[in-house]
Engineer: 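Okay, here's the structure, questions in a sec.
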Amino acid sequence: DRLMRFFAALLGFIFLASVKYSPIFYILHQLPAFKLFRSPSRWMYLGVFFMSLLAAYGFDYVIKNGWPQKGRWLWRSGAIFLGLGAGGVLLVNFFGSFLKKIVLWGFPNRHQDVLAEAYDVFQRTVLLTNTEFLIPVLIIAFSVLPIFLFQRKKISGEKFKQWGVALCAATFIGINL
């Protein structure tokens with residue numbers, strides 16, 4: 001669809017405009033009205049809007065036309081990516097100190113302090129006791145289930161919509177906690 005391609009192009013443009021030292025940000029910042037967007041990250045407000053439009057379009061497309069046959073590799077790639085990410089998070093949570101030793105092994109002492117500090121920050125970020133991390137991870141995990149069930153034709157399009165609405169509400173509540 002032409003309109004969705006236009007929105008995807010706008011999303012790409014906005015993503016490039018949100019990078020601090022990109023030429024697009026510099027050129028836009030020279031224009032009078034755009035000087036109000038002093039922080040490049042503010043462009044992502046528009047980016048999130050266009051991502052929402054594209055997600056809604058994709059959701060609607062899947063409801064009307066079913067799961068596209070061409071997209072099966074994407075589904076499998078996403079499942080592998082999520083599985084590896086979940087495995088990595090579990091490794092860091094349950095074997096954190098052992099994994100830290102492995103990460104630091106072989107580096108000179110002058111680099112180990114910086115790497116140890118970076119590892120500690122990463123570990124604190126992905127702890128399962130960190131609600132700012134846990135809530136989005138749970139929402140992503142629960143969003144895989146209706147996609148899987150709809151793809152296998154185990155639930156109807158109406159149930160898929162209900163799951164979508166419930167997950168959107170859970171995301172909104174989780175973000176605003």
Engineer: Taking atom CG of L134 and atom CG of L128, what is their separation to the nearest 0.5 Å?
Structural biologist: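 Taking CG in L134 and CG in L128, the distance rounds to 6.0 Å.
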
Engineer: Is L10 reachable from L16 through a run of hydrophobic residues whose side-chain heavy atoms are each under 4.5 Å from the next?
Structural biologist: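 Shared cluster, yes.
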
Engineer: So how far is it from F50 CZ to L54 CG, rounded to the nearest 0.5 Å?
Structural biologist: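 Answer rounded to 0.5 Å: 9.0 Å.
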
Engineer: Are I140 and L82 packed together at the side-chain level, in the sense that at least one heavy-atom pair is separated by less than 4.5 angstrom?
Structural biologist: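 SC-SC contact between I140 and L82 confirmed.
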
Engineer: Among residues two or more places apart or on two chains, list those pairs meeting side-chain hydrogen bond (donor to acceptor under 3.5 Å, both in side chains) that have a residue in residues 128-148.
Structural biologist: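 For residues 128-148: none.
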
Engineer: To the closest 0.5 Å, what do you measure between CD (Q30) and CZ (F25)?
Structural biologist: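 Nearest 0.5 Å value for the CD-CZ distance: 9.5 Å.
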
Engineer: Using the test ring pair (Phe, Tyr, Trp, His ring centres under 6.0 Å), find all partners of F59 that sit at least two apart in sequence or belong to another chain.
Structural biologist: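 Checked F59 against ring pair (Phe, Tyr, Trp, His ring centres under 6.0 Å); matches are F160.
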
Engineer: Apply side-chain contact (heavy atoms from CB on, under 4.5 Å) to K159 and list each qualifying residue two or more places apart in sequence or on a separate chain.
Structural biologist: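 Listed in chain order: I155, S156, Q162.
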
Engineer: Answer whether the closest heavy-atom distance between the side chains of L28 and F13 falls below 4.5 Å.
Structural biologist: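 A side-chain contact under 4.5 Å exists here.
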
Engineer: If I take atom OH from residue Y61 and atom CG from residue N65, how far apart are they, to the nearest 0.5 angstrom?
Structural biologist: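 Interatomic distance, Y61 OH to N65 CG, rounded to 0.5 Å: 4.5 Å.
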
Engineer: To the nearest 0.5 Å, tell me how far M51 CE sits from F15 CZ.
Structural biologist: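 Atom-to-atom, M51:CE and F15:CZ are 9.0 Å apart.
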
Engineer: Find out if a path of hydrophobic residues (ILVMFWY) with successive side-chain heavy-atom gaps under 4.5 Å connects V144 to V165.
Structural biologist: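 The answer is no; the residues belong to distinct hydrophobic clusters.
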
Engineer: For D120, what residues pass the salt bridge (Lys or Arg N to Asp or Glu O under 4.0 Å) criterion, not counting sequence neighbours?
Structural biologist: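 Partners of D120 by the salt bridge (Lys or Arg N to Asp or Glu O under 4.0 Å) criterion, ordered by chain and then number, come out as K100.
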
Engineer: Determine whether L90 and F95 fall in the same hydrophobic cluster, where Ile, Leu, Val, Met, Phe, Trp and Tyr are linked whenever their side-chain heavy atoms lie under 4.5 Å apart.
Structural biologist: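 Yes, L90 connects to F95 through the hydrophobic network.
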
Engineer: With sequence neighbours left out, write down each residue that passes salt bridge (Lys or Arg N to Asp or Glu O under 4.0 Å) with K154, or none if nothing qualifies.
Structural biologist: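 By the salt bridge (Lys or Arg N to Asp or Glu O under 4.0 Å) rule, K154 matches no residue at all.
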
Engineer: In chain order, what residues pass the side-chain contact (heavy atoms from CB on, under 4.5 Å) check against I80, with sequence neighbours excluded?
Structural biologist: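 Per chain and number, I80 pairs via side-chain contact (heavy atoms from CB on, under 4.5 Å) with L84.
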
Engineer: Shared ILVMFWY cluster between V114 and L99, side chains joined below 4.5 angstrom?
Structural biologist: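 No, it is not one cluster - the side chains of V114 and L99 are not joined through contacts under 4.5 Å.
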
Engineer: Taking only residues two or more places apart in sequence, or in another chain, which ones meet S77 in a side-chain contact (heavy atoms from CB on, under 4.5 Å)?
Structural biologist: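 Listed in chain order: W73.
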
Engineer: How long is the span from the CG atom in L145 to the CZ atom in F150, to the nearest 0.5 Å?
Structural biologist: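 Output value for this atom pair is 13.5 Å.
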
Engineer: Go through the structure and list residues passing side-chain hydrogen bond (donor to acceptor under 3.5 Å, both in side chains) with D60, not counting sequence neighbours.
Structural biologist: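 So D60 forms a side-chain hydrogen bond (donor to acceptor under 3.5 Å, both in side chains) with K64.
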
Engineer: Run through the side-chain heavy atoms of Ile, Leu, Val, Met, Phe, Trp and Tyr, join any pair under 4.5 Å, and report what else lands in L127's cluster.
Structural biologist: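 None, because no other hydrophobic side chain comes under 4.5 Å of this residue.
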
Engineer: Please give me the minimum heavy-atom distance between A17 and S22, naming the atom from each residue.
Structural biologist: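 A17 and S22 have their closest heavy atoms at CA-OG, 4.3 Å.
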
Engineer: Starting from M4, can I reach F6 by hopping between I/L/V/M/F/W/Y residues whose side chains sit under 4.5 Å apart?
Structural biologist: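 F6 and M4: one cluster.
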
Engineer: So do S18 and L46 actually touch side chain to side chain, heavy atoms under 4.5 Å?
Structural biologist: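 No - every pair of side-chain heavy atoms lies 4.5 Å or more apart.
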
Engineer: Looking at side-chain heavy atoms only, is the closest gap between L3 and Y57 below 4.5 Å?
Structural biologist: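 L3 vs Y57: side chains apart.
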
Engineer: According to ring pair (Phe, Tyr, Trp, His ring centres under 6.0 Å), does anything in residues 114-148 pair up with another residue at least two apart or in another chain? List the pairs.
Structural biologist: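 Of all non-adjacent pairs touching residues 114-148, none passes ring pair (Phe, Tyr, Trp, His ring centres under 6.0 Å).
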
Engineer: Going by the rule side-chain contact (heavy atoms from CB on, under 4.5 Å), which residues pair with P108 if we only count those two or more places apart in sequence or in a different chain?
Structural biologist: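 Result, side-chain contact (heavy atoms from CB on, under 4.5 Å) vs P108: R110, H111.
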
Engineer: Got a sec, which hydrophobics cluster with F107, joining ILVMFWY side chains under 4.5 Å apart, including via others?
Structural biologist: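 L104, L115, all in the cluster of F107.
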
